[in-house]
Undergrad: 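Dropping a structure here in structure tokens format, bear with me for questions.
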Amino acid sequence: MAGLKIQNLYKNFNIKNENIKVLNDLNIHIQDESFVTIVGKSGCGKTTLLRILCGLEKQSEGSIEFIGDLDESNIKRKVGIVFQEPRLMPWLTVEQNMAFSLIKERNKDLAYDRIHKHLKMLGLENFKDAYPHQISGGMAQRVALGRTLCHDPEIILMDEPLGALDAFNRRKLQKEFINIFLENKKTIIFVTHDVDEAVYLGEKVIVMDKGSIIKEIPVNLDYYRDFSSKEFLEIREDILNLFFK
Ligand SMILES: Nc1ncnc2c1ncn2[C@@H]1O[C@H](COP(=O)(O)OP(=O)(O)OP(=O)(O)O)[C@@H](O)[C@H]1O
Ligand SMILES: [Mg+2]
């Protein structure tokens, strides 16, 4: 059980004595076991928000309240993040990189099963012994995704995890995210700048612009969604129109 409540969140950065306002009074309620997507243009503050949520960055003002049995002592274990870039360890193989998050797992059978389930799901079985420099950028991103999924956090933060993938793998993994969500009932916060992806995946789409939330849109369509249905296209247009008024 894990949700979160963000209240009056601000983030400013200081560069050479200049105060840059990056996040401006964000208020977000993310329910337990929900799939929320955050969409917005480059530089609107999406990564900064995720970094604050997983404790890598401190907010300037405002509060984040985790709902459920989450607190500062277990946040690292229960909140997992897939970064925008893979950040693999070059001296470890694909399999070892994925196993890294399970290093403390005492049940070795469980660890093995989890790693192999995700290697298969991500289409990486034949590359398990390869090193990061021997695989493509999209494959590296899938390994990074596998590493976080193997760790099995309660809240998964994803920062454009499919940005480096080709359209075919992207579509396949979008479906897998829905499967992961439906089967494991995780709380997923998924950042993207692809409006179609945001509407395809999210039960709620949060639209950001220049550090603020400009709209929250519930998507009351069953999974798996039809990209070309009237309802889908209407929501997509609603979002795009926010930027082209
Ligand atoms: N550590 C930092 N120090 C100073 N400024 C920063 C820092 N991190 C981010 N910023 C600034 O905050 C703003 C938002 O950056 P952020 O990375 O959150 O955007 P984003 O929405 O994730 O963009 P993209 O879609 O390109 O990944 C940018 O103007 C960026 O320069
Ligand atoms: Mg970013």
Side-chain angles (χ1 to χ4, degrees), residues 4-30 35-64 75-76 79-88 136-138 140-145 147-149 153 155-167 169-170 173-174 177 187-202 204-217 235-236 238-245:
L4 55 96
K5 212 174 194 172
I6 298 166
Q7 282 180 304
N8 308 110
L9 193 84
Y10 289 81
K11 178 70 186 173
N12 306 328
F13 283 114
N14 249 314
I15 302 181
K16 287 193 177 166
N17 293 333
E18 199 189 333
N19 192 21
I20 300 171
K21 294 187 166 125
V22 172
L23 297 178
N24 180 35
D25 198 14
L26 300 189
N27 289 283
I28 307 175
H29 188 186
I30 294 181
F35 198 152
V36 173
T37 49
I38 301 177
V39 69
K41 287 191 279 193
S42 182
C44 74
K46 305 181 295 297
T47 297
T48 305
L49 173 61
L50 290 195
R51 286 176 59 79
I52 294 172
L53 294 184
C54 68
L56 287 171
E57 197 82 64
K58 185 94 187 98
Q59 66 267 37
S60 306
E61 271 181 61
S63 66
I64 299 162
I75 184 171
K76 285 219 159 57
V79 181
I81 182 161
V82 182
F83 292 102
Q84 216 165 343
E85 63 295 330
R87 302 188 184 193
L88 302 180
S136 70
Q141 191 58 350
R142 279 182 272 154
V143 179
L145 189 56
R147 179 178 52 193
T148 300
L149 294 176
I155 297 182
I156 309 180
L157 310 176
M158 305 221 197
D159 195 357
E160 302 193 33
L162 307 181
L165 299 193
D166 61 82
N169 267 309
R170 192 171 184 139
L173 284 180
Q174 285 169 345
F177 284 134
T187 302
I188 302 181
I189 306 174
F190 188 108
V191 157
T192 178
H193 48 220
D194 180 334
V195 175
D196 281 19
E197 184 165 270
V199 180
Y200 184 70
L201 295 176
K204 173 165 85 175
V205 181
I206 295 176
V207 188
M208 281 181 71
D209 191 30
K210 299 186 192 113
S212 299
I213 293 172
I214 54 170
K215 196 153 183 182
E216 286 194 20
I217 303 177
I235 298 171
R236 181 182 186 276
D238 273 358
I239 295 173
L240 287 170
N241 283 338
L242 293 169
F243 294 92
F244 298 105
K245 277 180 287 189

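One-based numbering, in listed order, for ligands and for the atoms of each. Worth knowing before you read on, the calculation uses all heavy atoms, side chains too, and leaves out hydrogens, waters and symmetry mates.
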Undergrad: Does a side-chain heavy-atom distance below 4.5 Å link I206 with V36?
TA: yes

Undergrad: If you define the side chain from C-beta out and look only at heavy atoms, does anything of L201 sit under 4.5 Å from T192?
TA: no

Undergrad: Is any side-chain heavy atom of E18 closer than 4.5 Å to a side-chain heavy atom of K16?
TA: no

Undergrad: Does the side chain of Q59 come within less than 4.5 Å of L23's, by heavy atoms?
TA: no

Undergrad: Residues two or more places apart in sequence or in another chain: which of them pass ring pair (Phe, Tyr, Trp, His ring centres under 6.0 Å) with F177?
TA: F190

Undergrad: Can you find a pair of side-chain heavy atoms, one from M158 and one from T148, that are under 4.5 Å apart?
TA: no

Undergrad: Sequence neighbours left out, what pairs pass side chain to side chain donor-acceptor pair (under 3.5 Å) with at least one residue falling in residues 6-15?
TA: N8-D25

Undergrad: Would you call R170 and D194 a salt bridge, using N to O less than 4.0 angstrom?
TA: yes

Undergrad: If we only count heavy atoms from C-beta on, is the I189 to L4 side-chain gap below 4.5 Å?
TA: yes

Undergrad: Everything protein-side that's N, O or S and under 2.8 Å from the Mg ion (ligand 2): list it, residue and atom.
TA: T47 OG1, Q84 OE1

Undergrad: Check each protein residue for a heavy atom under 4.0 Å from ligand 1 and list those that pass, ordered by chain and number.
TA: F13, I15, V22, K41, S42, G43, C44, G45, K46, T47, T48, Q84, E160, H193

